[in-house]
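Following: one structure in structure tokens, then a few remarks.
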Number of protein chains: 2
Amino acid sequence: MTASPFNPLLRKLEGYTELSAPARAALTALAARPAYRVAARRDLIRRGATPAHVYLICDGWACRYKSLPDGRRQILDFLIPGDLCDLNIYILSRMDHSIGAITALDVVGIPREELQALADAHPQVTRALWWQALVSKSCSREWIVNVGARSARERIAHLLCEMFLRLESVGATDGCSCDFPLTQADLAEATGLTAVHVNRTLHRLRETGLIVLADRRLTIPDMAALKAAGLFNPDYLHLDRSEGH
Amino acid sequence: MTASPFNPLLRKLEGYTELSAPARAALTALAARPAYRVAARRDLIRRGATPAHVYLICDGWACRYKSLPDGRRQILDFLIPGDLCDLNIYILSRMDHSIGAITALDVVGIPREELQALADAHPQVTRALWWQALVSKSCSREWIVNVGARSARERIAHLLCEMFLRLESVGATDGCSCDFPLTQADLAEATGLTAVHVNRTLHRLRETGLIVLADRRLTIPDMAALKAAGLFNPDYLHLDRSEGH
DNA sequence: CGTTCAGTTGACCATGATCAAGAGTGGTGG
DNA sequence: CCACCACTCTTGATCATGGTCAACTGAACG
């Protein structure tokens, strides 16, 4: 259990909307329960399950994914500290995809009723959670564009931009660098490419100086250039608080 | 304005969850306002707009799409009768994509406050709307798999299965046939293929007897076979009411 | 030390893209 | 009413992006 596991969520929500002191305190208290640890590469939630908790990632990276009958896998999203697994607080439905740990994970499970009660008591929290749900939908749409319309180089550049900005929004970056635990196989499953082709594409991105990526650490010396290479437009992340009302 | 524009939405929501008589009446009344017509191939909502209404498609087909700076377009979803455009009833955020009419459209615009009031008054409605939002998220995820992990043949077969089942759930099919207004270019933009390749792939699907598609009309003689061809698993549509609680 | 896993590189291949041309259809305006 | 235009579908020829198969390196780990 980390010292203040909830910080990333608070930080993210406050990027979206203002939170009153009581709302903030309530959110902090909510997650002030023991985090538990999931080993790297293990599943946190399996397809077909009906989880009674909403999981909050406190530390580490996870991914949503779906498998096809013949073993092909598609990663649908990456989850980083501050992300909530599934906001099914109103409806208990069967998972149609799985969530797997990339790295070792610290997570807390929040009972649905408790989150619901909190949302009922604090309209600001409701709004912040809605915002988070809408943003995650918006991300899904952008991923469709990524795998459907962009070239290999653009896909990877775009994904790197997205992850860097998301990490930045929860304070998990360090200047123009960040930890980056994804393997090339992970990148392949997220972008709809093969690991071999990801390797070659990363090679070219490195060659042209757009990224420095080694030892699970990513540096983006010139973000504007990488954004251009990935046709990246950050609107869909809705990181700008002023957009809200 | 059609005779009972709201039927598709009611029918769809009742597929998800039970509605009390008053809830049903309120939903019907909500849409008992004049529908207006959008010409085929016109935009209903443009990227960057902040719509004050939630639009309900009463008749016709529309699509969500995003454009890249160089003109490439990716269709993100198709909207059919009974579909609500954007459930931003809590948060007014700027559209990060556009919605365009495929065919001529009959739509009604429901003021956000009114839908919100209805949801507040009828918890069943809230639940049904949440369900609809979660299902649409689930569809987005499946589309990522479609364009990211499936072959051309699989993508098209999958899309045809999805649309047919969705049409069936609002009563817009006729045995194993349905109206199908998409052009091959539309299919291409939805599947991340070129129109030429869609043409050839459809040709092969027709050749093997999996589909009959001509004159904007689709017939699926053997749904099980088409599902197999598209690696289609209908779970993600959450059409089964028993899944709810 | 042997094993496993991530990364790398080369050779070759195939799916699907691109370019191009023509047929059929429907709509529109002179 | 007909000529013209635009759009959709179709097909062929050729190309390229990215996939497949395979072998090797180095690091991590028991």
Side-chain angles (χ1 to χ4, degrees), chain A residues 39-42 61 68 70-75 100-104 146-159 179-207 211-218 229 231, chain B residues 39-42 61 68 70-75 100-104 146-159 179-207 211-218 229 231:
Chain A
R41 302 293 159 183
R42 284 306 187 72
W61 287 44
L68 294 185
D70 61 3
R72 277 174 279 178
R73 261 175 39 129
Q74 176 69 43
I75 291 179
I102 302 272
T103 65
N146 211 34
V147 290
R150 284 191 257 259
S151 71
R153 181 187 167 90
E154 289 163 352
R155 287 184 210 189
I156 292 179
H158 193 280
L159 179 60
D179 286 335
F180 197 81
L182 303 181
T183 65
Q184 293 181 353
D186 294 327
L187 287 170
E189 292 184 337
T191 53
L193 302 168
T194 56
V196 171
H197 199 62
V198 166
N199 181 289
R200 296 193 220 274
T201 307
L202 283 176
H203 185 76
R204 268 165 242 146
L205 286 174
R206 272 190 282 245
E207 236 173 19
I211 59 169
V212 180
L213 177 56
D215 300 327
R216 308 280 111 110
R217 188 114 189 123
L218 168 68
L231 306 179
Chain B
R41 302 292 161 185
R42 283 306 188 72
W61 287 43
L68 294 185
D70 62 4
R72 278 175 279 177
R73 260 175 38 130
Q74 176 69 43
I75 290 179
I102 302 273
T103 65
N146 211 35
V147 290
R150 283 191 257 259
S151 70
R153 181 188 167 89
E154 289 163 352
R155 286 184 210 189
I156 293 179
H158 193 279
L159 180 59
D179 286 335
F180 197 82
L182 302 181
T183 65
Q184 294 181 353
D186 294 328
L187 286 170
E189 291 184 340
T191 53
L193 301 167
T194 56
V196 171
H197 199 63
V198 166
N199 180 288
R200 297 192 221 274
T201 308
L202 283 176
H203 186 76
R204 267 165 242 146
L205 287 174
R206 273 191 281 246
E207 236 173 18
I211 59 167
V212 180
L213 177 56
D215 300 327
R216 309 279 110 110
R217 188 115 190 121
L218 169 68
L231 306 179

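To find a chain, count down the sequence lines: A is the first, B the second, and so on, and within it residues start at 1. Owing to the predicted nature of the structure, the values given are computational and were not obtained by experimental measurement. Heavy atoms only: backbone and side chains are in, while hydrogens, waters and symmetry mates are out.
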From CD1 (A:I75) to CG (A:L159), nearest 0.5 Å: 9.0 Å
If the sugar-phosphate is the primed atoms plus P, OP1 and OP2 and the base is the rest, what is the B/S/- string for nucleotides 8-18 of chain D, using protein heavy atoms under 4.0 Å? SSBBBB----B
Out of curiosity, B:Q184 CD to B:T194 OG1, how far, rounded to the nearest 0.5 Å? 10.5 Å
For a 4.5 angstrom cut-off between non-hydrogen side-chain atoms, does B:T191 reach B:H158? no
Without swapping roles, check the side chain of A:R155 against the backbone of A:R150 for a donor-acceptor pair under 3.5 Å. yes
Which residues share a side-chain contact (heavy atoms from CB on, under 4.5 Å) with A:R216, sequence neighbours left out: A:T183
What is the distance, rounded to the nearest whole Å, between atom CG of A:D215 and atom P of C:dT8? 10 Å
Relative orientation of the end axes in the helix from C:dC1-D:dG30 to C:dG30-D:dC1, expressed as an angle to the nearest 10° (five pairs per end): 40°
For the atom pair CZ (A:R72) and CG (B:L231), what is the distance rounded to the nearest 0.5 Å? 5.5 Å
Tabulate protein N/O versus nucleotide N/O from nucleotides 26-28 of chain C, keeping only pairs under 3.5 Å, one per line.
none

Only one of A:L182, A:L213, A:V212 passes side-chain contact (heavy atoms from CB on, under 4.5 Å) with A:L218, and that residue is A:L213
Provide the full list of salt bridge (charged side-chain N to carboxylate O under 4.0 Å, His left out) pairs with a residue in residues 179-192 of chain A, sequence neighbours left out, each pair given once. A:R41-A:D186, A:R73-A:E189, A:D179-A:R217
Atom pairs under 3.5 Å: protein N/O with N/O of nucleotides 22-25 of chain C:
none

Could you tell me the separation between the CZ atom of B:R200 and the CG atom of B:L202, rounded to the nearest 0.5 Å? 12.0 Å
All heavy atoms of A:V198 vs all of A:A188, minimum pair found to be CG2-CA, 3.6 Å
Output yes when a side-chain donor or acceptor of A:E154 lies under 3.5 Å from a complementary backbone atom of A:A229, and no otherwise. no
Working to the nearest 0.5 Å, report the span between OG1 of A:T201 and CG of A:L187. 10.0 Å
